[in-house]
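First comes the structure, then the notes that go with it.
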There are 2 protein chains.
Amino acid sequence: MAGPRRRTVRDLRRNNRATVLSKLYFDGPLSRQELGPLTALSSGSISNVVAELVADGLLEEAGSVDSDGGRPRTLLRVAPGSGHLVGVDVGETRVRVELFDLALSELARVDAPLPDGRPGGKYDAQDVVRLIAAGLTRVLREADVEPGSIVGVGIGVPGIVDASGPSGAVVHGQTIGWDAVPLEAMLRAPGELPPELPLFIDNGAKTLGRAEMWFGAGRGARNAVITLIGSGVGACVIADGVPYQGSSSSAGEWGHTVLRVGGRECRCGARGCLEAYVGAEALLERWREAGGSWTSPDEEGALAELLDDPSTGQLLDETAEFLGAGIADLVNLFNPERIVVGGWAGLLLGPRLIDPVRRAAAAYALRHPFAQTTVELGRLGTDAVTVGAATLPLARFLETGGARRERIVSGAS
Amino acid sequence: MAGPRRRTVRDLRRNNRATVLSKLYFDGPLSRQELGPLTALSSGSISNVVAELVADGLLEEAGSVDSDGGRPRTLLRVAPGSGHLVGVDVGETRVRVELFDLALSELARVDAPLPDGRPGGKYDAQDVVRLIAAGLTRVLREADVEPGSIVGVGIGVPGIVDASGPSGAVVHGQTIGWDAVPLEAMLRAPGELPPELPLFIDNGAKTLGRAEMWFGAGRGARNAVITLIGSGVGACVIADGVPYQGSSSSAGEWGHTVLRVGGRECRCGARGCLEAYVGAEALLERWREAGGSWTSPDEEGALAELLDDPSTGQLLDETAEFLGAGIADLVNLFNPERIVVGGWAGLLLGPRLIDPVRRAAAAYALRHPFAQTTVELGRLGTDAVTVGAATLPLARFLETGGARRERIVSGAS
DNA sequence: AACGCTTAGATCACGGTGTGAATTTACCCT
DNA sequence: AGGGTAAATTCACACCGTGATCTAAGCGTT
């Protein structure tokens with residue numbers, strides 16, 4: 001409402017700290033000399049800012065490079081151990097908690113199965129909260145990291161996360177039977193987690209998309225869409241370098257784009273959704289309708305069987321046409337530089353479908369925006385959900401110029 | 001690439017000038033006293049910034065208000081005459097040039113028909129350039145305004161405008177036969193326009209969307225989609241208060257969203273596009289196929305006849321379903337607070353279709369994001385293209401804190 | 001008419017910022 | 001050991017926003 005927070009001169013400094021920190025984080029070790037042009041700061045400011053960051057322990061020197069004749073440049077990098085990140089993946093059957101250093105190297109991991117048996121496939125949010133809290137303490141003990149060094153905790157959950165309300169993030173997860181679960185408030189309740197620990201909750205598919213943007217096939221793009229094809233279909237839209245959220249954080253529900261008015265019924269209740277044609281669940285259902293059968297107990301194995309079956313050519317071609325049309329919608333509406341096909345089913349189908357999908361997308365999309373876009377396969381498996389979740393606090397850390405948690409808290413309260 | 005331009009302390013001032021100017025522009029006359037909390041600036045800075053803006057002639061006093069007992073507050077407002085804006089609408093048959101003051105009051109207008117007769121319906125870009133230049137000088141003479149006070153010229157054209165290239169905006173207009181016309185470079189050629197005049201070229205539908213956001217049904221929304229249904233179908237997506245452009249400024253091509261894979265052929269070459277069902281041209285074509293006929297020579301009259309004909313109920317219901325599904329796609333993908341149905345055909349069909357369209361959208365969209373959205377009719381006619389075009393330089397003017405043109409130019413060169 | 005009261009707006013010392021030239025540092029080569 | 005060279009630091013300068021203090025401009029009462 002009040003616009004950017006840059007009002008006083010001190011905010012300038014914070015901004016410049018953030019610029020230097022981010023540049024150093026993403027573009028490897030750099031000398032102060034190189035940093036100048038790259039950040040559009042004068043040499044004096046670079047020295048000043050860097051000295052401050054080094055004093056705070058956020059930056060460290062990383063060797064030096066001869067510079068023919070003169071004083072060698074000392075390289076700087078973000079100190080990986082100066083902070084820690086926690087990524088949590090709340091899946092449909094288990095909760096995974098992972099501890100990373102700032103460089104996102106894994107330091108410890110805990111997997112905990114969810115107690116099932118709730119009626120109607122639902123599961124209790126309180127169980128999830130407990131598992132997260134227990135996993136956090138365990139992971140900290142395993143890696144011998146003190147809680148104070150944690151920059152923040154990122155949590156990926158299955159379902160729409162609405163953070164627009166007053167009491168923190170609220171989760172609507174149709175598949176797990178959560179309806180407006182105030183997960184953030186529950187986690188912040190006394191006794192669950194260390195108090196004042198910054199929490200970041202987002203849709204698991206979106207955290208996976210973030211990981212793909214930071215370290216996978218989306219790297220370097222400013223406008224991209226990461227599509228996630230699993231049992232269902234989702235997407236993570238990156239607009240101008242930041243995830244596009246919409247007014248209640250539920251933008252990018254690509255799976256329920258209408259591709260055939262009055263078509264197949266989708267599990268969302270509508271008809272003709274993309275997900276009703278290319279989601280793994282729907283694809284298997286369509287195979288069954290066409291007389292196919294499989295032996296694997298899980299969808300992943302079944303889908304592999306579908307791919308191996310020689311009689312599914314037409315089904316797959318049809319799927320490629322729908323997927324291509326869905327991608328064409330993304331191209332026309334978002335005009336991205338890159339579209340990444342990911343998710344476990346997307347990666348499984350990818351090698352077989354990517355070329356017909358590209359052809360279909362070319363046929364359905366407008367020429368001009370399609371020419372600006374590349375359609376690629378994702379590079380990261382679903383394991384990356386925790387990594388993506390951890391990028392949430394990491395992004396904040398970089399944006400705020402590595403503000404210490406204490407400072408944020410005291411400033412905000 | 002190098003992030004925000006706020007590096008030095010002077011940029012702080014520019015930023016604060018912009019904040020004050022924008023607040024005053026949108027929220028009417030305000031006193032310095034009220035301005036403080038509203039802009040999060042201290043009283044000292046307000047005094048300082050306001051004094052500077054008054055000295056520059058951008059702000060003026062506008063009466064005063066008693067404040068029970070004490071010194072009355074003097075109200076401030078943006079001086080309407082301290083700058084002028086030009087909005088140009090390049091239509092398919094004529095070029096309209098309009099001159100506004102800063103408050104967007106019309107001061108003069110020129111309409112010039114395009115010389116037709118080009119083979120294949122194309123028309124020469126050079127003609128358009130000449131008409132714009134001639135219109136500009138004429139409009140300035142009529143209103144007795146000196147060229148130096150023009151803040152900038154906004155131009156709405158039919159077609160995709162790609163401003164990502166090195167030589168300025170390039171226009172791809174399929175309907176008018178323009179293929180990569182370097183309109184900006186042509187306008188900047190010596191002798192055409194006053195040199196160094198800031199030009200802003202954008203798709204005409206998008207400028208209309210901007211007008212609807214600033215002064216019409218979109219007012220106050222941060223995330224909105226203005227749909228424009230005319231002969232064809234387009235949309236203007238507003239994300240976080242700014243128009244979403246995509247990587248080559250062609251985002252929001254909603255008309256070619258696929259609603260029926262393998263469906264009706266669209267004039268874009270693909271099949272099953274939204275435009276192939278609900279655009280006025282397609283709608284009339286479908287009526288003809290169903291045995292309908294009309295007498296009006298133009299689409300607008302014909303569409304009115306279609307609406308009056310009692311036998312078109314089913315056709316219109318079907319149209320509403322497609323339009324609703326298309327709107328559901330917007331809801332699912334963009335999660336806006338508001339969707340505005342505009343464009344001449346949209347406004348014509350609106351009263352009849354809006355309710356069934358809302359029902360269809362509710363059926364096809366996901367519950368949660370749909371609950372956040374209102375679907376409304378637009379309030380502005382197609383006349384507003386010029387106003388919307390003029391908001392392009394106006395937005396820049398406000399963003400830069402009313403930087404004088406000379407300063408921008410000298411700073412940029 | 002004079003005085004006090006109240007509130008709006010201006011002024012100013014202060015701490016803070018980035019700039020860019022001058023200076024210092026650190027290493028190589030002769 | 002001394003000169004050359006390039007990196008990094010230092011520092012005077014011009015600015016900025018803050019917030020307390022001061023001045024301006026009305027009103028109500030005496």
Side-chain angles (χ1 to χ4, degrees), chain A residues 2-20 23-24 29-55 59-77 401 407 411, chain B residues 2-20 23-24 29-55 59-77 401 407 411:
Chain A
R5 287 274 176 283
R6 286 146 199 155
R7 292 269 156 273
T8 168
V9 284
R10 304 187 70 144
D11 300 318
L12 266 186
R13 172 57 65 97
R14 169 167 32 216
N15 201 36
N16 287 338
R17 280 174 62 117
T19 310
V20 168
K23 200 76 197 167
L24 239 27
L30 291 166
S31 70
R32 294 172 176 80
Q33 200 62 212
E34 298 163 303
L35 226 35
L38 258 38
T39 59
L41 285 166
S42 71
S43 61
S45 298
I46 292 285
S47 271
N48 207 337
V49 170
V50 165
E52 206 179 272
L53 288 169
V54 169
L59 253 43
E60 60 184 21
E61 302 198 341
S64 58
V65 174
D66 288 7
S67 90
D68 42 63
R71 175 177 177 172
R73 324 175 220 198
T74 56
L75 294 176
L76 298 161
R77 69 158 168 241
R407 279 195 228 153
Chain B
R5 286 278 176 279
R6 286 147 198 153
R7 292 269 155 273
T8 167
V9 283
R10 304 186 71 144
D11 299 318
L12 266 187
R13 171 57 65 98
R14 168 165 35 213
N15 201 37
N16 288 338
R17 281 175 62 118
T19 309
V20 168
K23 200 76 199 167
L24 241 26
L30 291 167
S31 70
R32 294 172 175 80
Q33 202 62 212
E34 299 164 303
L35 226 34
L38 259 39
T39 58
L41 284 167
S42 71
S43 64
S45 297
I46 292 285
S47 271
N48 206 337
V49 170
V50 165
E52 205 180 274
L53 288 169
V54 169
L59 253 42
E60 60 185 20
E61 302 196 343
S64 57
V65 174
D66 287 8
S67 88
D68 43 62
R71 173 178 178 173
R73 325 177 213 197
T74 55
L75 295 175
L76 298 161
R77 69 158 169 242
R407 280 196 226 153

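Note on naming: letters A, B, ... go to the chains in the order of the sequence lines (proteins, then strands), and numbering restarts at 1 for each one.
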| For the helix from C:dA1-D:dT30 to C:dT30-D:dA1, what is the angle between the axes at its two ends, each from 5 pairs, rounded to 10°? |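 For the helix from C:dA1-D:dT30 to C:dT30-D:dA1, the axes at either end differ by 20°.
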
Let me know the distance between [atom1] of [X] and [atom2] of [N], rounded to the nearest Å.
X     : N      : atom1 : atom2 : result
A:R73 : C:dC28 : CZ    : P     : 14 Å
A:L30 : D:dA8  : CG    : P     : 11 Å
B:R17 : D:dG17 : CZ    : P     : 11 Å
B:N15 : D:dC15 : CG    : C1'   : 15 Å
A:E61 : D:dA7  : CD    : C1'   : 12 Å
A:L35 : D:dT9  : CG    : C1'   : 15 Å
A:E34 : D:dA6  : CD    : C1'   : 13 Å

| message | Is there a side-chain contact between A:T74 and the phosphate of D:dA8, meaning an N or O under 4.0 Å from OP1 or OP2? | response |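 True: A:T74 side-chain N/O within range (under 4.0 Å) of D:dA8 OP1/OP2.
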
| message | Check whether B:T8 reaches the backbone of B:D11 with its side chain - one donor and one acceptor, N or O, closer than 3.5 Å. | response | no

| task | Give a yes or no answer on whether the side chain of B:S45 reaches the backbone of B:L41 with a donor-acceptor pair at less than 3.5 Å. | result | no

| said: Testing the basics here: between B:S31 and B:L75, what is the closest heavy-atom pair and its distance to 0.1 Å? | reply: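 Looking at all heavy atoms of both residues, the shortest contact is N-CD2, 3.6 Å.
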
| task | Could you check A:T19, A:L30, A:N16, A:V49 and say which one makes a side chain to side chain contact (heavy atoms under 4.5 Å, CB included) with A:T39? | result | A:T19

| task | Answer yes or no: side-chain N or O of B:R71 and base N or O of D:dA25 forming a donor-acceptor pair under 3.5 Å. | result |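 For B:R71, whose side chain was compared with the base of D:dA25, there is no donor-acceptor pair (under 3.5 Å).
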
| request: Go through the steps for A:E60 and A:V54 under the test side-chain contact (heavy atoms from CB on, under 4.5 Å), then give the verdict. | output: CA-CA 6 Å; A:E60 60 184 21; A:V54 169; over 6 Å; no

| Considering only D:dT9, C:dA26, C:dG9, which nucleotide approaches the side chain of B:Q33 most closely? | C:dG9

| note | Output for pair (A:I46 CD1, A:Q33 CD), nearest 0.5 Å, gives 9.5 Å

| request: For the residue pair A:R32 and A:T74, confirm or rule out a side-chain donor-acceptor distance under 3.5 Å. | output: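 Yes, side-chain donor-acceptor contact under 3.5 Å.
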
| Under 4.0 Å between a Lys/Arg side-chain N and an Asp/Glu carboxylate O for B:R77 and B:E61? |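 Looking at B:R77 and B:E61, the cut-off is not met.
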
| note | The contact string for nucleotides 14-21 of chain C, one letter per nucleotide 5' to 3', using protein heavy atoms under 4.0 Å with B, S and - for base, sugar-phosphate only and none, comes out as --BBSBBB

| message | Walk me through whether B:V20 and B:L24 qualify under side-chain contact (heavy atoms from CB on, under 4.5 Å). | response | CA-CA 6 Å; B:V20 168; B:L24 241 26; 4.1 Å; yes

